[in-house]
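These notes are about the structure you will find just below.
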Amino acid sequence: MKRSPSFRELLESLEGSFGDRCRRHGAGPLATVLPASVEEVVSLARAARRYSVALHPSGAEMDPDLSPPEGEVILVSTRMLRAVRFPDEERRRVEVGPGVLWLELENELRTVHRALPVYPTSAPRTTVGGWLARDGVGVGSFACGWLGENVLSVRVVTPEGHLRTLEGAQVRSVIGALGKTGVIVQATLRLRETTGDRPFAAVFERASDLQRAVVSLLEQRPPLWHLGFANPPMAETLGVRGRYLLFGASLGGGAEPEDLLARILAGNRGRSLDVAEAYRVWGSRFFPADPSRPTPSPGRVLVPASRAGGVLEHAGAAPVRLAVLGSVSRDGSALLLAFAVSGKRLASLGAGDEAGFVGAARSAGGELYHKVLRRRAVRDYTDGSERPE
């Protein structure tokens, strides 16, 4: 594809500044650039601004709902911005670059007895910057809510090439904005202590029993950090055969909270698994985000957790066998990921199967996940919070 003289001039300038960290494209985006520092992101933004070219952050490409950028843009890969720093001696927060994988960050924090409040189920392959650009529900959301609720501040390079630090309500102009308000170059995240974390798991014969258990847990609020569930095909991939699975991690705190959790599970016809089995299930919470092979694209919906059982029942009656994995948030919503089952593996959901799954979610008062995220972004940018300039 022939580029205009001004674009060729811009590309030659970027190649002079970034060398082999600037890669031209034959069609679509002009190039992909890999800055190695915040200062280089600022320089890149100002150069693109002079030629009226937009920047578009390029993450790990794990989001199936994002369409490729259109028009003449420069893709910015932040994977070289990987610094991790504790700004206070108590380690109550962490400053992290956008190129760090969530699982790498969590593993590093665990060595100093700290942990993230919430991270994506795709943590082995998703970067910090990528999920910040989307926001969402993930592992830990039962106690800690959405990702954006746990971000203390962000540093962002605006489209005009200004480096700004945003705090408080201003953070909402960046989290979930898909990079439209600037390139995130650092985020300060709230941390939690890990003392007392304890995995648990229970199985149920029917979706309705699991549903009642979820409602009871939301009503009585035992000290749980994460609450997830799976229908039988997904549970089977996790090594639990023929049952609906409820699992998660409690925050500890003594025998009384543990007894309350056990009573809720048993009172809704759940059978608790032993400690070894619970730990094994917990270790599979990132499935199927395996770094060693491509991750299938799921159907993704957000539904009221109090009505998720109906969607699980639909999955059991669908023409194609569907495996569903759910995560419950403290606001009473539940994120459901649905995959097709192909032999002993999970596969991407076909268009027809996804349409049926989404229809069941809408009947339960839910919606496509990416539509919910877009609505939240529009709300956050129109509620009076200041946009970065």
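Scope of the values below: all heavy atoms of this structure, side chains included, with no hydrogens, waters or symmetry mates.
The closest side-chain heavy-atom distance from Val53 to Phe7 is below 4.5 Å. Looking only at side-chain heavy atoms (C-beta outward), Arg91 and Val112 come within less than 4.5 Å of each other. When side chains are defined from C-beta on, Thr121 does not count as touching Arg285, because their heavy atoms never get closer than 4.5 Å. Annotation: side chain of Leu101 is not in contact with side chain of Pro124 (no heavy-atom distance under 4.5 Å). Side-chain contact between Tyr119 and Phe286 is present, with heavy atoms from C-beta onward closer than 4.5 Å.
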Which side-chain N or O atoms in residues 212-219 pair as donor and acceptor under 3.5 Å with protein atoms at least two apart or in another chain?
{"from": "Arg212", "atom 1": "NH2", "to": "Asp209", "atom 2": "OD1", "distance (Å)": "2.3"}
{"from": "Ser216", "atom 1": "OG", "to": "Arg212", "atom 2": "O", "distance (Å)": "3.0"}

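Tyr369 pairs with exactly one of Val301, Leu335, Val358 by the side-chain contact (heavy atoms from CB on, under 4.5 Å) rule, that one being Leu335. Remark: of the listed residues Asp88, Leu116, Leu152, Leu116 is the sole one forming a side-chain contact (heavy atoms from CB on, under 4.5 Å) with Leu191. Thr181 pairs with exactly one of Val174, Thr158, Val156, Leu166 by the side-chain contact (heavy atoms from CB on, under 4.5 Å) rule, that one being Val174.
Counting all heavy atoms, side chain and backbone alike, Ala115 lies closest to Thr194 at CB-CG2, 3.2 Å. Closest approach of Ile175 to Gly148, counting heavy atoms only: CG2-CA, 3.9 Å. Nearest heavy-atom pair across Ser327 and His226 is OG-CE1, 3.8 Å. The two residues Phe204 and Leu246 come nearest to each other via the heavy atoms CE1-CB, 3.6 Å. Shortest non-hydrogen contact noted between His314 and Gly356 is NE2-O, 3.2 Å.
For the atom pair Met234 CE and Leu346 CG, the distance stands at 5.0 Å (nearest 0.5 Å). A distance of 4.5 Å separates CG in Leu132 from CD1 in Ile184, rounded to the nearest 0.5 Å. Atom CZ of Arg155 is separated from atom CD of Glu167 by 11.5 Å, given to the nearest 0.5 angstrom.
Atom CZ of Arg280 has more than 12 heavy atoms from other residues, nucleotides or ligands within 6.0 Å. Within 6.0 Å of CG in Asp274 there are more than 12 heavy atoms belonging to other residues, nucleotides or ligands. In Arg271, the CZ atom is not crowded: 12 or fewer heavy atoms of neighbouring residues, nucleotides or ligands sit closer than 6.0 Å. Heavy atoms from other residues, nucleotides or ligands lying under 6.0 Å from CZ of Arg85 number more than 12.
Salt bridge status for Glu108 with Arg114: absent, with no side-chain N to carboxylate O gap under 4.0 Å. With respect to the salt-bridge test (charged N to carboxylate O, under 4.0 angstrom), the residues Glu104 and Arg82 qualify. Here Glu40 pairs with Arg21 in a salt bridge; the nearest charged N to carboxylate O distance falls below 4.0 Å. Taking the charged nitrogens against the carboxylate oxygens, Asp197 and Arg192 do have a contact shorter than 4.0 Å, which makes a salt bridge. By the 4.0 Å N-to-carboxylate-O rule, Glu193 lies too far from Arg92 to be salt-bridged with it. One finds no salt bridge joining Arg269 and Glu205 here, because no Lys/Arg side-chain nitrogen approaches an Asp/Glu carboxylate oxygen to under 4.0 Å. With respect to Arg110 and Glu106, a salt bridge is recorded, a charged nitrogen being found less than 4.0 Å from a carboxylate O.
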- Kindly indicate, with the supporting measurements, whether the criterion salt bridge (Lys or Arg N to Asp or Glu O under 4.0 Å) is fulfilled by Glu236 and Arg321. CA-CA 12 Å; Glu236 187 171 335; Arg321 196 163 179 247; 3.2 Å; yes

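In this structure a side-chain-to-backbone donor-acceptor pair under 3.5 Å is present from Asn150 to Trp146.
If you check the side chains of Glu72 and Tyr51, you find no donor sitting under 3.5 Å from an acceptor. Remark: the Ser141 side chain and the Ser329 side chain contain no N/O donor-acceptor pair separated by less than 3.5 Å.
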